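Some notes on the structure that comes next.
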Amino acid sequence: MPSKSNINKQNIRHGIVFASKAGDFIEQSIGKTIDNTHLKAPELVGEPQDMVWYRVSLDKGISGDGSEYYIYVKKADPSKLCIFLSGGGVAWNEYTAARPVTGGKVAAGLPNYYWNNLRPFTQVMNINLGITDIIGRNNPFKDWSFVVITYATGDFHVGNNDFVYTAEDGTEQTLHFHGHVNFLESMKVAERLFPNPSKMLIAGNSAGAFAVPALAAEIVDDYYPSCRDVTLLSDSGQLLYKNWRKTARNIWKSDEKTWKCIHSDNITVDWYRQLCKTHGDRFRFLYSSSTRDYLLSAYYNDIINRKYETNAMVQDMFYEQLHVMVDELLEINPDFKFFFNDWKLPIVTNGGTVHTAVREFYFTTKRVAGVSMAKWLIDAVSGLEYDVGTHLL
């Protein structure tokens with residue numbers, strides 16, 4: 001007769017298998033619904049119509065698993081342009097490279113670190129939500145033109161490498177860390193469709209939040225040197241790791257100027273320090289985060305304890321690290337402005353707080369001290385900058 005502990009282990013395994021299958025089924029169902037209906041963004045042919053999201057395939061672009069790469073664009077007021085750097089996890093070594101995201105892994109709570117391709121489901125992550133919403137009436141950025149630089153390479157949009165790793169099934173695979181190649185090809189599209197904006201927002205969430213300070217100088221110097229009204233927003237870009245410099249140099253093989261300025265365990269702070277040193281008077285600087293980010297704290301737990309899960313202890317560590325990060329950003333540039341929230345979602349955040357807000361439904365609906373993130377951000381790009389939620393720290 002099997003022991004009680006063995007029965008419990010079998011039940012756990014069965015539960016994980018069930019959750020994994022259910023998660024994959026849900027993702028595939030949503031993907032099929034998008035792919036087979038009018039919800040799918042059409043491929044851009046010729047010039048875009050106003051207020052329509054289009055997909056633009058890039059011949060020289062490539063996703064992490066070698067599949068097709070494309071971005072999304074929307075034409076509205078051509079004088080107001082948002083370059084949005086999408087998030088989608090990160091791979092910092094061979095172990096994480098071997099564990100891309102699937103709906104099943106997310107549902108089962110199994111280690112999953114980055115999206116390695118663009119599939120119908122990923123459209124949900126990229127457009128028509130939060131700042132990219134064109135349906136609701138409350139989005140103050142609805143009349144802005146957008147270039148959404150999608151993300152499926154696990155390298156914070158800065159990689160230039162073909163990385164060989166051993167997959168979970170034991171086979172040899174290649175992860176195409178081509179984030180920077182994809183970025184450069186995307187910016188050619190941006191420059192062609194929107195050549196003369198007078199106001200710009202360069203924003204990113206999650207992995208894209210890290211990328212904002214890494215790529216902002218390149219955007220304005222090489223593509224939009226005449227635009228002088230430029231705001232930067234990093235939404236949720238804190239993950240401490242002592243080997244970021246080695247990862248950027250040896251695994252992602254980023255440009256020397258990108259990895260050489262990394263000196264600490266906070267890659268975002270290092271990239272902002274370098275940006276402010278060279279372009280400090282060029283931008284408005286904004287940073288947003290929740291106070292106990294459930295997802296970033298899970299990543300951090302994996303880094304320090306090899307456990308891909310969040311809990312009260314690592315959430316509190318994230319909170320204390322956020323204090324330090326704010327002080328460091330203000331030391332770099334005293335004009336940094338912040339939006340902090342303590343929003344939670346039942347079950348999803350596991351006692352912690354949300355991960356990112358700028359491309360979520362609560363961008364316009366939830367408030368801190370009576371102010372939505374949408375209100376705070378549109379005020380900032382209009383020259384009215386202030387902090388929201390600093391009392392939560």
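These numbers come from a predicted model, not from an experiment. Only heavy atoms go into these numbers, but all of them, side chains included; no hydrogens, no water, no symmetry mates.
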Crowded around [X] [atom1]? As in, over 12 foreign heavy atoms under 6.0 Å?
| X | atom1 | answer |
| --- | --- | --- |
| Glu320 | CD | yes |
| Glu168 | CD | yes |
| Lys257 | NZ | yes |
| Glu331 | CD | no |
| Lys246 | NZ | no |
| Arg192 | CZ | yes |
| Asp169 | CG | yes |

So Ser67 and Leu118, side chain to side chain contact (heavy atoms under 4.5 Å, CB included) or not? Walk me through it.
-> CA-CA 8 Å; Ser67 58; Leu118 299 172; over 6 Å; no
Within the distance-only criterion (no hydrogens, no angle test), does the side chain of [X] pair as donor or acceptor with the backbone N or O of [Y] below 3.5 angstrom?
| X | Y | answer |
| --- | --- | --- |
| Ser79 | Pro197 | no |
| Ser382 | Leu384 | no |
| Lys40 | Pro120 | no |
| Asp133 | Gly136 | yes |
| His323 | Leu393 | yes |
| Trp343 | Thr353 | no |
| Trp244 | Thr268 | no |
| Asn112 | Leu110 | yes |
| Thr96 | Tyr113 | no |
| Asp316 | Tyr319 | no |

Between [X] and [Y], is the gap from one ring center to the other below 6.0 Å?
| X | Y | answer |
| --- | --- | --- |
| Tyr299 | Tyr308 | yes |
| Trp144 | Phe84 | no |
| Tyr272 | Phe336 | yes |

Hey, is Asp255 close enough to Lys260 for a salt bridge, meaning N to O under 4.0 Å?
->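 Looking at Lys260 together with Asp255, the answer is no, because their closest N to O distance does not fall below 4.0 Å.
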Are Glu191 and Lys188 close enough for a salt bridge, meaning some N to O gap below 4.0 Å?
->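 Judged by the 4.0 Å cut-off on N to carboxylate O distance, Glu191 and Lys188 do not form a salt bridge.
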Within the 3.5 Å criterion, strictly below it, is a donor on [X] or [Y] matched to an acceptor on the partner's side chain?
| X | Y | answer |
| --- | --- | --- |
| Thr364 | Asn139 | no |
| Ser254 | His180 | no |
| Gln321 | Tyr300 | yes |
| Ser57 | Glu43 | yes |
| Ser86 | Asn126 | yes |
| Asn116 | His176 | no |
| Thr310 | Gln315 | yes |

Please give me the minimum heavy-atom distance between [X] and [Y], naming the atom from each residue.
| X | Y | value |
| --- | --- | --- |
| Asp335 | Asn333 | N-OD1, 2.8 Å |
| Lys74 | Ile134 | CD-CG2, 3.3 Å |
| Thr365 | Tyr362 | OG1-CA, 3.1 Å |
| Tyr69 | Ile62 | CB-N, 3.4 Å |
| Asp235 | Ala357 | OD2-N, 2.8 Å |
| Val52 | Pro42 | CG1-CG, 4.5 Å |

Identify whether [X] and [Y] are in the same connected component of the hydrophobic contact network (ILVMFWY, side-chain heavy atoms under 4.5 Å).
| X | Y | value |
| --- | --- | --- |
| Trp53 | Leu81 | yes |
| Leu233 | Met125 | no |
| Val212 | Tyr287 | yes |

Contacts of type side chain to side chain contact (heavy atoms under 4.5 Å, CB included), residue Ser372, not counting sequence neighbours =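 Once residues adjacent in sequence are excluded, the partners of Ser372 under the side chain to side chain contact (heavy atoms under 4.5 Å, CB included) criterion are Arg367, Ala374, Lys375.
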Apply salt bridge (Lys or Arg N to Asp or Glu O under 4.0 Å) to Asp50 and list each qualifying residue two or more places apart in sequence or on a separate chain.
->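 Scan of Asp50 (salt bridge (Lys or Arg N to Asp or Glu O under 4.0 Å), adjacent residues dropped) gives Lys75.
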When the ring planes of [X] and [Y] are compared, do they come out parallel, tilted or perpendicular, using 30° and 60° as the limits?
| X | Y | result |
| --- | --- | --- |
| Tyr294 | His355 | perpendicular |
| Tyr165 | Phe163 | parallel |
| Phe156 | Trp271 | perpendicular |

Any side-chain heavy-atom pair from [X] and [Y] closer than 4.5 angstrom?
| X | Y | answer |
| --- | --- | --- |
| Val230 | Ile219 | no |
| Ile149 | Asn182 | no |
| Thr390 | Val326 | no |
| Phe318 | Gln238 | yes |
| Val189 | Val147 | no |
| Phe340 | Val368 | no |
| Phe283 | Pro213 | no |
| Thr150 | Thr122 | no |

In this structure, which one of Ile304, Asn301, Leu240 forms a side-chain contact (heavy atoms from CB on, under 4.5 Å) with Met317?
->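 With Met317 as partner, Ile304, Asn301, Leu240 yield a single side-chain contact (heavy atoms from CB on, under 4.5 Å), made by Ile304.
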Member of Phe183, Tyr151, Tyr114 meeting the ring pair (Phe, Tyr, Trp, His ring centres under 6.0 Å) criterion with His157 |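 Only match with His157 under ring pair (Phe, Tyr, Trp, His ring centres under 6.0 Å): Tyr151.
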Applying side-chain hydrogen bond (donor to acceptor under 3.5 Å, both in side chains), run through His178 and Asp155 and close with a yes or a no.
-> CA-CA 8 Å; His178 283 217; Asp155 56 9; over 6 Å; no
Start with the C-alpha gap between Thr247 and Val90, add the side-chain angles, then the distance that decides, and say whether side chain to side chain contact (heavy atoms under 4.5 Å, CB included) holds.
-> CA-CA 11 Å; Thr247 294; Val90 58; over 6 Å; no
Any chance you could lay out the side chain to side chain contact (heavy atoms under 4.5 Å, CB included) test for Leu129 and Glu360, step after step, and finish with the verdict?
-> CA-CA 6 Å; Leu129 198 60; Glu360 302 292 343; 4.2 Å; yes
Verdict with reasoning, Glu218 to Leu184, per side chain to side chain contact (heavy atoms under 4.5 Å, CB included) = CA-CA 9 Å; Glu218 212 167 342; Leu184 293 175; 3.5 Å; yes
